[in-house]
Amino acid sequence: MSDEWDFYFARVNDAISSIFVDLGIRTEVPVETRPWLLWVWVQLQAAKPDGLATNEEARRLNEIGEALDSTISATCGAQLVGRITGNGRREFYFYAAEPGELTASVAAAMKTFSEYKYGTGSTFQPEWEQYLMLYPSETNLERMQNRRVLEALAEEGDAHEIPRKVDHWLYFGDEASRAACRETLVAIDFAVEDEAVVEEDAGDLPYVLVVSRVDSVDTHTINGITLELQRLAGEYCGRYDGWECPVTRDEAVQ
């Protein structure tokens, strides 16, 4: 288990769901020594109309998660990789060398939470398909990164709705691709701030393009902008690599 966990929302079996996943292990997957998928499904006591958990029940569910992780990890040598909350239940997913004493371990962990109904099971899954399903798409990864930046700005008192200059970074494999994307960006009112060639740790995309535009950075606006930049970079075999802006406070409320 890594320290790099994060969540996003998506539809799972046509139900809006919150997916909490260990992002930090992606480069290690699949892990050959843990080919078995183990799961525990816990029925919510008082789900919201959309099937998600209420804030009031979240603490109890977190206690259940900690108990299951502690017990299953110890008795089955399992690794918690993610969970899904939606459709009136919370699902916990682990990978292990073998199921071992899964049923007995879950029963022991759930004794303290007798008010909750639960189910458990396992399947041989050496390619870690369930984890790969939980892992966010490029689009969701971008939204997650935007949320982190906005949270950091909010801690500094930023008023996201106020327009300000926002810088964006894009990387390309060659000069021609960068130039073509640059022309497209200039046509939609982006200004070119910098162009460079990165010699160290650049991989296959050493050609850097930094552009800027004056925009608001509320969630809806910045997601729309960055997802479009991600799409445009992809059209030119490049990569969009994020944004930054100055903290902008609302002087009227200071």
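Start at 1 with the first residue, then count along the sequence. Note that the structure is a prediction, hence the values are computed from the model and not measured.
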Pi-cation contact, F172 with R178 (under 6.0 Å, within 45°): no
Distance-only side-chain donor-acceptor flag, T226 / N146, under 3.5 Å: yes
D6/R148 salt bridge by N-O under 4.0 Å criterion: yes
Whether Y240 and H168 hold their rings parallel, tilted or perpendicular, with breakpoints at 30° and 60°: tilted
Residue pair N62 / R59, side-chain donor-acceptor N/O under 3.5 Å: no
CA sep, side-chain torsions, deciding dist, call: L232, I188, side chain to side chain contact (heavy atoms under 4.5 Å, CB included): CA-CA 12 Å; L232 283 172; I188 55 176; 4.2 Å; yes
Crowding at CD, E151 (>12 non-hydrogen neighbours, <6.0 Å): yes
Aromatic ring proximity, centroids under 6.0 angstrom, W5 and F20: yes
Gap separating the CZ atom of R90 from the CD1 atom of I64, nearest 0.5 angstrom: 8.5 Å
Considering all heavy atoms, the nearest T54-A46 contact: CG2-O, 3.2 Å
Backbone N/O of P35 and side chain of Q125: donor-acceptor pair under 3.5 Å: no
Any I25 side-chain heavy atom under 4.5 Å of W128 side chain: yes
Chi angles and distances behind the ring pair (Phe, Tyr, Trp, His ring centres under 6.0 Å) call for W36, F124: CA-CA 5 Å; W36 279 85; F124 187 67; 5.6 Å; yes
Check: N223/T219 side-chain N/O donor and acceptor closer than 3.5 Å: no
Cationic tip of R34 above Y95 ring, under 6.0 Å, 45° of axis: no
Ring-face cation of R147 near F7 (centre distance under 6.0 Å, axis angle within 45°): yes
Closest heavy-atom pair and its distance - Y116, M110: CB-CE, 3.9 Å
Flag for E193-S212: side-chain donor and acceptor within less than 3.5 Å: yes
With K48 via salt bridge (Lys or Arg N to Asp or Glu O under 4.0 Å) - residues at least two apart: none
Partner of R60 under side chain to side chain donor-acceptor pair (under 3.5 Å), chosen from E57, E63, E56: E63
Side-chain H-bond candidate by donor/acceptor type, H160 with D158, under 3.5 Å: yes
Side-chain donor or acceptor of R249 paired with backbone N/O of A159 under 3.5 Å: no
Closest heavy-atom pair and its distance - F9, N140: O-OD1, 4.1 Å
Test item: S73 side-chain N/O and D69 main-chain N/O as donor-acceptor pair under 3.5 Å: yes
Beyond-backbone contact of D250 with I162, side-chain heavy atoms, under 4.5 angstrom: yes
Any donor-acceptor N or O pair under 3.5 Å, side chains Y8, S18: no
Nearest non-hydrogen partners of I19 and L134, listed with the distance: CG2-O, 3.7 Å
Steps toward side chain to side chain contact (heavy atoms under 4.5 Å, CB included) verdict (D167, V211): CA-CA 6 Å; D167 293 320; V211 298; over 6 Å; no
Main-chain N/O of E138 paired to Q230 side chain as donor or acceptor, under 3.5 Å: yes
Any V208 side-chain heavy atom under 4.5 Å of L170 side chain: no
N13 side-chain N/O to A15 backbone N/O, donor-acceptor pair under 3.5 Å: no
Flag side-chain contact, heavy atom, 4.5 Å: M144 against P136: yes
Heavy-atom check, side chain of D215 versus side chain of I225, under 4.5 Å: yes
Residue from L102, L37, L38, V81 passing side-chain contact (heavy atoms from CB on, under 4.5 Å) with F94: L38
Side chains of L185 and C181 in contact at under 4.5 Å (non-hydrogen atoms): yes
E175 atom CD, neighbour heavy-atom count above 12 within 6.0 Å: yes
Donor + acceptor pair across side chains of E91, Y93 (<3.5 Å): yes
